[in-house]
Every structure is written in structure tokens, then in C-alpha cells.
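This report concerns only the one structure given below.
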Amino acid sequence: MQVNVSREGSVTVLQPIGAAVAAEVDGLDNILTRQQRNWTRRIVLDLSETPFFDSSGLETLCRHQRWFTEHGLELKLAGVTDMSRKILDLTRISKRFQMYPDTSSAVRSFL
């Protein structure tokens, strides 16, 4: 899975491209692990190009969200597609995240 990384001020924006499934989720996992090692304080995960998740993708999201929360860092979601939103809602994982309609509003939420 390709993950585009950019900065908007003091916020790191990660945009995975493609489905977050077992065969592809290693790229996202590696990028999030790197952000943890760098103690990146503010991250927006732009999911506008991630059409859906399987259990591996969901587990990756939950594991990293838990780590960020335990260490006082923030990981927010933006641009969640309809299918991904349904999956996050059905599994009740959506309750763990602050979600925004787009990257700009997620970045502004850090102000």
C-alpha cells in the first residue's frame, strides 16, 4: 500500500492509497510506526483514497490509535469513504476516532 506523506503546518497528513487489507496494510503500518518512533504529535489519516478495510486494516488502525492515545499524541481521521464509514460504524471502531469530512477541517481541529 502506498502512503503519501505531507505536512500542513505542525500536522502530518498520511494518505494511504488503496484498500487496507491484509496483503496491503504493511505500508500503512510501517508509516504509522515511523511516526510513533519520531513522536509525531499530530497526525491526520486521510482515508479518501481507502475504499474499505478488512480485519487486518481495522486491527492496524486500532493498535496505532491505542498507542497514540496512551502516549498523549493525536491521530484523527479525515475523508472517510461511505463504505469505510459503514465498516467503522458496524464494528464500533468509529467511536475511538475523531472523524472529519476532509483533511482541511481535521488539520484546523488541532488549532
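Other members of the hydrophobic cluster containing Val11, listed by chain and number, are Val13, Val44, Val107, Phe110; membership follows side-chain contacts under 4.5 Å among ILVMFWY residues, whether direct or relayed. Other members of a hydrophobic cluster containing Tyr100 are absent, since no ILVMFWY side chain comes under 4.5 Å of it, directly or through relayed contacts.
With rounding to the nearest 0.5 Å, the separation of CG in Leu88 from CZ in Phe97 is 7.5 Å. Atom CD of Gln65 sits about 10.5 Å away from atom CG of Leu73, to the nearest 0.5 Å. Note that the CD1 atom of Ile93 and the CD1 atom of Ile87 stand 9.5 Å from one another [nearest 0.5 Å].
Of all heavy-atom pairs between Met99 and Ser94, the closest is CE-CB, 3.1 Å. Heavy-atom minimum distance, Gly57 versus Val25: CA-CG2, 3.9 Å.
For Glu24, the side chain to side chain contact (heavy atoms under 4.5 Å, CB included) test picks out Met1, Val21, with sequence neighbours left out. Partners of Ser84 by side chain to side chain contact (heavy atoms under 4.5 Å, CB included), not counting sequence neighbours, listed by chain and number: Phe53, Val80, Thr81. Evaluation of the side-chain hydrogen bond (donor to acceptor under 3.5 Å, both in side chains) rule for Arg7 yields Thr12 as partners, not counting sequence neighbours. Residues that satisfy the side chain to side chain contact (heavy atoms under 4.5 Å, CB included) test with Ser48, not counting sequence neighbours, are Gln15, Asp46. In this structure, Thr91 has no side-chain hydrogen bond (donor to acceptor under 3.5 Å, both in side chains) partners at least two apart in sequence or on a different chain. Evaluation of the side-chain hydrogen bond (donor to acceptor under 3.5 Å, both in side chains) rule for Ser6 yields no partner, not counting sequence neighbours.
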Passes side chain to side chain contact (heavy atoms under 4.5 Å, CB included), Ile31 versus Val5? Steps please. CA-CA 9 Å; Ile31 291 288; Val5 180; 4.2 Å; yes
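Two residues are said to be in side-chain contact when any heavy atoms from C-beta on lie closer than 4.5 Å; Pro16 and Glu49 fail this criterion. For the pair Asn4/Leu14, no side-chain contact is recorded, criterion being any heavy-atom separation below 4.5 Å from C-beta on.
Applying the salt bridge (Lys or Arg N to Asp or Glu O under 4.0 Å) test to pairs two or more places apart or on separate chains, those with a residue in residues 68-89 are Glu74-Lys76, Arg85-Asp89. Residues in residues 95-106 take part in no salt bridge (Lys or Arg N to Asp or Glu O under 4.0 Å) pair, two or more places apart or across chains. Evaluation of the salt bridge (Lys or Arg N to Asp or Glu O under 4.0 Å) test over residues 29-41, restricted to residues two or more places apart or in two chains, returns Asp29-Arg63. Under the ring-ring contact (aromatic ring centres under 6.0 Å, His included) criterion, the residue pairs touching residues 6-49 are Trp39-Trp67, Trp39-His71, with sequence neighbours excluded.
Between the side chains of Gln36 and Asn38, no donor N or O sits under 3.5 Å from an acceptor N or O. Side-chain atoms of Glu59 and Ser55 include no donor-acceptor pair closer than 3.5 Å.
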